[in-house]
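Residues: numbered from 1 along the sequence shown.
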Amino acid sequence: MSKINSSTRMVGVIGWPIHHSLSPLMQNAAIEALGLNWVYTAMAVEPARVPEAVAGARALGFAGLNVTIPHKEAVLPLLDELAEDARAIGAVNTIHFDGGHAIGHNTDAEGFTRTLAEEAGFNLAGQTMLQLGAGGAGRAMLAGAALAGARRVLIYDIRAEAAAELARQMAAQLPACQFEAVAGEGALPAAAAAAALIANATPLGMKPEDPLPLDGRLLESRHVVFDAVYNPYRTALIAAAEDQGARTVSGLGMLARQGWKSLSIWTGMIPDEQLMLRTLRQALGI
């Protein structure tokens, strides 16, 4: 990393919590390789203080921000403009401050579908996906699946009303795909049986004491199982899926690919994606 001086440009990620984030490691490695006098940092922002944080970053001349759990929807009314991807998804994970103008993007959808294709050889076209979780990251994964040609997407959340509302919103936005809410935990066996892909978009798995986001007995060898949680690399869900002989995909690739896209938006340059992936793997000892 270049020495910080009065010309150093700031970028970073806001979330709550944020101490687990590996984004600074991969982004600063890519920034250094691009020869930029920039620094990327992680900033813990309480939900009630998100407006202050975005306004402060804009006032301080930040080039941009990444936005993670639980702020991806909360930042929407704070921005001047939404790119088409963010508008379709209804959530923002990347803010670009361009001449004082705050533009919201979403790079999660592309990061999700590219990771499935490149790491599992999985083509979503014509497939059924069961997604666990109806939050901001989940919105992007749903949209990514639909845009990649998924035929049917089933959404489960412990907040049944959130899953139903998200299914309604996504169906209106992307009518070529069939979106359905899974009506309670009792309906999960049928949903898992119908799905070729099971994707976890909840934070469950970040802590050792977390329960599985669904009963591990529902996993089969024919499934592809994706976990958006990337730290630890081998989550309990990934381990349970591997025990059943399923193909598994860690969220680490999605993190790298969405981050690559964010950095390209901020800089107008082409970062080294493989360097970002290597940095993340080294950080987790894999």
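Of the possible polar contacts, one joining the His71 side chain to the Val45 backbone as a donor-acceptor pair under 3.5 Å is found. Proximity of a side-chain donor or acceptor of His223 to a complementary backbone N or O of Thr248 within less than 3.5 Å is not detected. Judged by distance alone, the side chain of His96 and the main-chain N or O of His105 form no donor-acceptor pair under 3.5 Å. At least one donor-acceptor pair under 3.5 Å links the side chain of Thr115 to the backbone N or O of Met254. Listed for the Gln131 side chain is no donor-acceptor partner under 3.5 Å among the backbone atoms of Ala201. Here the side chain of Asp80 pairs a donor or acceptor atom with the backbone of Ala102 at under 3.5 angstrom. Of the possible polar contacts, one joining the Asp272 side chain to the Leu275 backbone as a donor-acceptor pair under 3.5 Å is found. Between the side chain of Asn106 and the main chain of Asp85, no donor-acceptor pair closer than 3.5 Å is present. When atom types are taken as modelled, the side chain of Thr113 and the backbone of Ala109 share a donor-acceptor pair closer than 3.5 angstrom.
Here the CD-CG distance, from Gln258 to Leu263, works out to 10.5 Å after rounding to the nearest 0.5 Å. Put simply, OH on Tyr233 and CG on Leu284 are 9.0 Å apart, with the number rounded to the nearest 0.5 Å. The line from CG of Leu116 to CZ of Arg247 is 9.5 Å long, rounded to the nearest 0.5 Å. Between the CG atom of Leu197 and the CG atom of Leu130 there is a distance of 8.5 Å, given to the nearest 0.5 Å. Rounding to the nearest 0.5 Å gives a distance of 11.0 Å between CZ of Arg9 and OG1 of Thr267. In this structure, Leu25 CG and Tyr40 OH are separated by 11.0 Å, a value rounded to the nearest 0.5 Å.
For the residue pair Gln178 / Glu180, a side-chain donor-acceptor distance below 3.5 Å is found, with atom types taken as modelled. In the model, Arg139 has a side-chain atom that pairs as donor or acceptor with a side-chain atom of Gln169 under 3.5 Å. No hydrogens or angles considered: a donor-acceptor pair under 3.5 Å links the side chains of Asn5 and Asn37. Residues Ser262 and Asn93 bring no donor and acceptor atom of their side chains to less than 3.5 Å of each other. Between the side chains of Asn200 and Asp227, at least one donor N or O sits under 3.5 Å from an acceptor N or O.
Ring-plane geometry between Phe112 and Phe226 is classed as perpendicular, the angle between the planes exceeding 60 degrees on a 0 to 90 degree scale with a lower cut at 30.
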Criterion side chain to side chain contact (heavy atoms under 4.5 Å, CB included) on Glu110 and Leu147, from CA distance to verdict: CA-CA 10 Å; Glu110 180 180 324; Leu147 293 170; over 6 Å; no

Working for side chain to side chain contact (heavy atoms under 4.5 Å, CB included), residues Glu185 and Asp215: CA-CA 10 Å; Glu185 190 173 356; Asp215 189 332; over 6 Å; no

Stepwise side chain to side chain contact (heavy atoms under 4.5 Å, CB included) check, Val75 with Lys72: CA-CA 6 Å; Val75 299; Lys72 295 185 181 188; 5.9 Å; no

Side chain to side chain contact (heavy atoms under 4.5 Å, CB included) between Ile155 and Val182, worked out: CA-CA 6 Å; Ile155 309 166; Val182 176; 5.8 Å; no

Stepwise salt bridge (charged side-chain N to carboxylate O under 4.0 Å, His left out) test for Glu220 and Arg222: CA-CA 5 Å; Glu220 302 177 34; Arg222 63 179 182 82; 3.0 Å; yes

Salt bridge (charged side-chain N to carboxylate O under 4.0 Å, His left out) between Glu165 and Arg168, intermediate numbers included: CA-CA 5 Å; Glu165 177 60 17; Arg168 185 193 65 78; 2.6 Å; yes

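Salt bridge absent: Lys261 and Asp108 never bring a charged side-chain N and a carboxylate O closer than 4.0 Å. Classification of Arg87 and Glu84 as a salt-bridged pair holds, one side-chain N sitting under 4.0 Å from a carboxylate O.
Side-chain contact between Ile95 and Val67 is present, with at least one heavy-atom pair separated by less than 4.5 Å. With contacts defined as side-chain heavy-atom distances shorter than 4.5 Å, the pair Leu237/Leu219 qualifies. Proximity of Leu214 to Tyr156: side-chain heavy atoms (C-beta onward) are nowhere separated by under 4.5 Å. A heavy-atom distance below 4.5 Å is found between the side chains of Thr128 and Arg151. Residues Met10 and Leu60 fail the side-chain proximity criterion, which asks for heavy atoms closer than 4.5 Å. Two residues are said to be in side-chain contact when any heavy atoms from C-beta on lie closer than 4.5 Å; Ile265 and Thr107 meet this criterion. Using a 4.5 Å cut-off on side-chain heavy atoms (C-beta onward), Leu166 and Phe179 make no contact. At least one side-chain heavy atom of Met26 sits less than 4.5 Å from a side-chain heavy atom of Leu255.
Closest non-hydrogen pair, Gly205 versus Pro232, comes out as O-CD, 3.4 Å. Nearest heavy atom pair, residue Val153 against residue Cys177, reads CG2-SG, 3.6 Å. Contact between Pro51 and Ala48 at its shortest, heavy atoms only, is CD-O, 3.9 Å. Of all heavy-atom pairs between Tyr230 and Leu22, the closest is OH-N, 3.4 Å. Across all their heavy atoms, Leu142 and Met129 have their closest contact at CD2-CE, 4.0 Å. Of all non-hydrogen atoms in Leu82 and Ala86, the two that sit nearest each other are CD2-CB, 4.3 Å.
In the hydrophobic cluster analysis, where Ile, Leu, Val, Met, Phe, Trp and Tyr join through side-chain heavy atoms closer than 4.5 angstrom, Ile238 is grouped apart from Leu252. In terms of hydrophobic clustering, with Ile, Leu, Val, Met, Phe, Trp and Tyr side chains grouped at heavy-atom distances under 4.5 Å, Leu34 and Trp260 are assigned to different clusters. Transitive grouping of hydrophobic side chains (ILVMFWY, heavy atoms separated by less than 4.5 Å) brings Val92 and Phe62 into a common cluster. A chain of hydrophobic side-chain contacts below 4.5 Å, direct or via other Ile, Leu, Val, Met, Phe, Trp or Tyr residues, connects Met43 to Val54. Under a hydrophobic-cluster definition in which Ile, Leu, Val, Met, Phe, Trp and Tyr are linked whenever side-chain heavy atoms come within less than 4.5 Å, directly or via other members, Leu65 and Leu76 are assigned to the same cluster.
Each of Leu132, Leu154, Leu218, Leu188 was checked for a side-chain contact (heavy atoms from CB on, under 4.5 Å) with Ile198, and the lone residue meeting it is Leu132.
Considering only residues two or more places apart in sequence or on other chains, Arg114 meets the side chain to side chain donor-acceptor pair (under 3.5 Å) condition with Glu118, Glu273.
Other residues, nucleotides and ligands contribute at most 12 non-hydrogen atoms within 6.0 Å of the CD1 atom of Ile158.
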